[in-house]
Amino acid sequence: MVAIAATGFLGRRIPAVDLAEWSVAGRRFGAVTMWFLQAGETFTTFGFLGLAGLAFTGGVAVTYVIVYAPLACIVWYFVGPRLWRLGRRHGYLTQADFYEQRYGSKTLGTLVAVSSVIFMLPYLQLQITGLGLIVGLVTHDSSSGTWAKIVGTVLTAAFVLWSGIRGTATTSYLKDALMLAAVAIVAVGVSLHVGGIGHVFHDIARLHPAMLTLHAGPNDQVWWITSMLASLIGSAFFTLPGLWPALLSARSATSLRRNWILLPLYQIAIVLPITIGFVAILTLPRSASANGALLTLTRQSVPAWLLGLIAVAGAATAMVPASAMVLAMSSNVARNVIRVGSPRAQVFANHGVVLLILALALVLDLTRPNSLANLLLITFSGLVQFAPGLVAGLPERPLLGKAAVLGGTVVGEAFVVWATFWNIGLAHVNAGIPALGINIAVAILIEAAGPGTTDT
C-alpha cells in the first residue's frame, strides 16, 4: 500500500498553481495515459470482489456488467469529442461546469455538483470497505482490516493532494498491471484446483442449471435489462463525475477516440473474476460470504506469498479508483459550490474538500458500515438523471432551457429517493429507469409551458 502511494507521489512534475493543472493536468495527457485512466474504471473493488460475489449468488445475472461498457464506448466515440471541444473552448474543469455554462445557470451547476457528491459517496465508501475486507480475509484478522482502511485512506489522501490527477494516472499503471496479473493467476489457479474451466461449467449445468439462466427472483430478466440500461445510460452520457477528469485532461479528441475503439477489449478481463464466482457455486457452502468468495477460493489454491501479492493488487483496486472519485467530487464542490475567487484559493479549497470527503467516507464506514447500504443502490439510479441535460446541451443551441433541465432533474432525483427508501414495489425494475422517463416528461412539459432562455 505504501508502494502504491509512493507511485502516486512520483506522478507530480510541478506544483499545481491552479485547479486546471491539479485536476486535468493542463489538458496534456496523451493516448497511453488516457488508456490507463479510462481502463482503470473497469476494475474497482466491485470488479475484484463484487463480480465473483454476484456470480456466486445470481449466476449469469452478473453478465449485465459485460454488456454496458462496450455499448457505452460506441456513444463515447461520438459524444466524447464534442464534450472535449466544449471543455477546451469554455475551460471546463468539472462535470458541473458543462451544465452551468450550457444553460447559463449557476443554480443548475450547484445542483449537479452537490448531487454528484451525494450519490458518489456510497461508491467511495465501498472502496474503503473493500480494502478492509481484502486485508482482513488474507490475514484472518478483522482488526488488521480496520487498520488497512485507515492507512489506505490516509495514503490515498496524501498522494491525491500532492500530485492530483497525475498521481492517479501514475498509480493506474501499477494497478492495472497488478490487477491483470492477479485475476489471471487466480482464475487459472482456482480453475485448475477444481479440474479446469470446462469441467466447472459442465458441473454447473448438471448440478445448478438455474444459475445459467435468468430465473425468477431478485435477479430476473427485468432486473438484468433495467440494471444494464441504467448502467449503460449512466456511463454513456458521462453522468458519473469520475469520468470527466480523464475526458477533459486529454491532449486531443483523436487520442480519446483511439482508446474508445480498443477499450471494449478490456471487458474480456472481467470474465475472469466472474468465472471464479461460478467455481464458488460448486465448492463453497451457500452460507459463505459472497464478497469473500474470490479470496476464500484463492487462499485454498495458491501459496501464501502469492496470496499476499494478489491482496496488494486488490488494495490497488480500492485506492486508485478512490483517488479518481474524490478528485472529481472535490473539484465539483470547490469550483461549483464554494466558488472561491483566485486560482490558488480554488486549489486550497479543493484540498480541504478532499480531506473532508475521505474523512466522511472513512468515519461512516467505521461507525455505521450499513448506513449507506440503501443509498448505494441509487448511485447509478440517481446519477443517470443528469443524462437528459447532457444530451440537450450538446448542440450549439441547447434543446432545453435551464428551467426544464433543472425541474426534470429535481423530480427525477426525488422519484429515485422515494422509490428506493419507501420501497414502492417496482418488481425488480431499477428505479433509475422510470425516474428517467418522469424526468424527461417533466422537462418537456416545462419547456412547452414556457421555453427557458439560454446564454451560450
Closest approach of Ser323 and Val326, non-hydrogen atoms and distance? O-CG1, 3.4 Å
With side chains defined as the heavy atoms from C-beta onward, is the minimum distance between Val411 and Val442 less than 4.5 Å? yes
Quick one: does Val151's side chain get under 4.5 Å of Met1's, heavy atoms only? yes
Ser115 side chain reached by Glu413 side chain, heavy atoms, under 4.5 Å: yes
Quick one: does Trp22's side chain get under 4.5 Å of Ser330's, heavy atoms only? yes
Reported CG-to-CZ distance for the pair Leu390 and Phe98, which is rounded to 0.5 angstrom: 4.5 Å
If we count only N and O atoms by modelled type, under 3.5 Å, do the side chains of Ser23 and Asn350 hold a donor and an acceptor together? no
Please enumerate all residues that pass ring-ring contact (aromatic ring centres under 6.0 Å, His included) together with Phe46, with sequence neighbours excluded. none
Verify salt bridge (charged side-chain N to carboxylate O under 4.0 Å, His left out) between Arg12 and Glu21, making sure each step is shown before the conclusion. CA-CA 10 Å; Arg12 173 166 159 167; Glu21 177 61 36; over 6 Å; no
Partner set under ring-ring contact (aromatic ring centres under 6.0 Å, His included) for Phe278, not counting sequence neighbours: Phe201
Kindly give the heavy-atom pair with the smallest separation between Pro81 and Arg257, and that separation in Å. CG-NE, 3.4 Å
Atom CG of Leu358 and atom CD of Gln125: how far apart are they, to the nearest 0.5 Å? 12.0 Å
When rounded to the nearest 0.5 angstrom, what is the spacing between CE in Met325 and CG in Leu126? 7.5 Å
Backbone N or O of Arg251 within a donor-acceptor pair of the Arg27 side chain at under 3.5 Å? no
Just by distance, do the side chain of Ser249 and the backbone of Ala246 share a donor-acceptor pair under 3.5 Å? yes
Over 12 non-hydrogen atoms of neighbours within 6.0 angstrom of CZ in Arg258: no
Does some side-chain heavy atom of Thr239 sit less than 4.5 Å from a side-chain heavy atom of Ile233? no
Contact check, side chains of Gln95 and Phe238, non-hydrogen atoms, under 4.5 Å: no
For the rings on Phe159 and Phe9, is their centre-to-centre separation under 6.0 Å? no
Would you call the rings of Tyr99 and Tyr103 parallel, tilted or perpendicular, taking 30° and 60° as the class edges? parallel
Which pairs count as side-chain hydrogen bond (donor to acceptor under 3.5 Å, both in side chains) when at least one residue sits in residues 74-86, sequence neighbours excluded? Arg82-Glu396
Please give me the minimum heavy-atom distance between Ala349 and Ile338, naming the atom from each residue. CB-CD1, 4.5 Å
N/O donor-acceptor pair under 3.5 Å between Ser255 side chain and Ser252 backbone: yes
Considering only NZ, NE, NH1 and NH2 on the basic side and carboxylate oxygens on the acidic side, decide whether Glu100 and Arg339 come within less than 4.0 Å. yes
Under the side-chain hydrogen bond (donor to acceptor under 3.5 Å, both in side chains) rule, what pairs show up with a residue in residues 154-164, not counting sequence neighbours? none
Using a 4.5 Å cut-off on heavy atoms from C-beta on, say whether the side chain of Thr94 contacts that of Trp244. no
Under a 3.5 Å cutoff, is there a donor and acceptor pairing between the side chains of Thr110 and Asn336? no
Any ion pair linking Asp18 and Arg344 (charged N to carboxylate O, less than 4.0 Å)? no
Using modelled atom types only, decide if a donor and an acceptor are shared between the side chain of Ser235 and the backbone of Leu232 within a distance under 3.5 Å. no
Backbone N or O of Leu93 within a donor-acceptor pair of the Asp97 side chain at under 3.5 Å? yes
Say whether, by atom type as modelled, one donor and one acceptor occur between the side chain of Thr226 and the main chain of Val429 under 3.5 angstrom. no
Rounded to the nearest 0.5 Å, how far apart are CZ of Phe36 and OG1 of Thr171? 11.5 Å
Quick one: does Val337's side chain get under 4.5 Å of Asn332's, heavy atoms only? no
If you look only at pairs with a residue in residues 315-347, which of them pass as a ring-ring contact (aromatic ring centres under 6.0 Å, His included), with sequence neighbours excluded? none
Can you confirm whether the side chains of Thr409 and Gln385 place a donor and an acceptor under 3.5 Å from each other? no
In this structure, CZ of Phe380 is separated from OH of Tyr123 (nearest 0.5 Å) by 6.5 Å
To the nearest 0.5 Å, what is the distance between OG1 on Thr45 and CE on Met319? 13.0 Å
Contacts table for residues 58-75: side-chain donor-acceptor under 3.5 angstrom, sequence neighbours left out:
from: Thr63; atom 1: OG1; to: Val60; atom 2: O; distance (Å): 2.6
from: Thr63; atom 1: OG1; to: Trp224; atom 2: NE1; distance (Å): 3.1

Check: Pro395 main-chain N/O paired with Arg102 side-chain donor or acceptor under 3.5 Å: yes
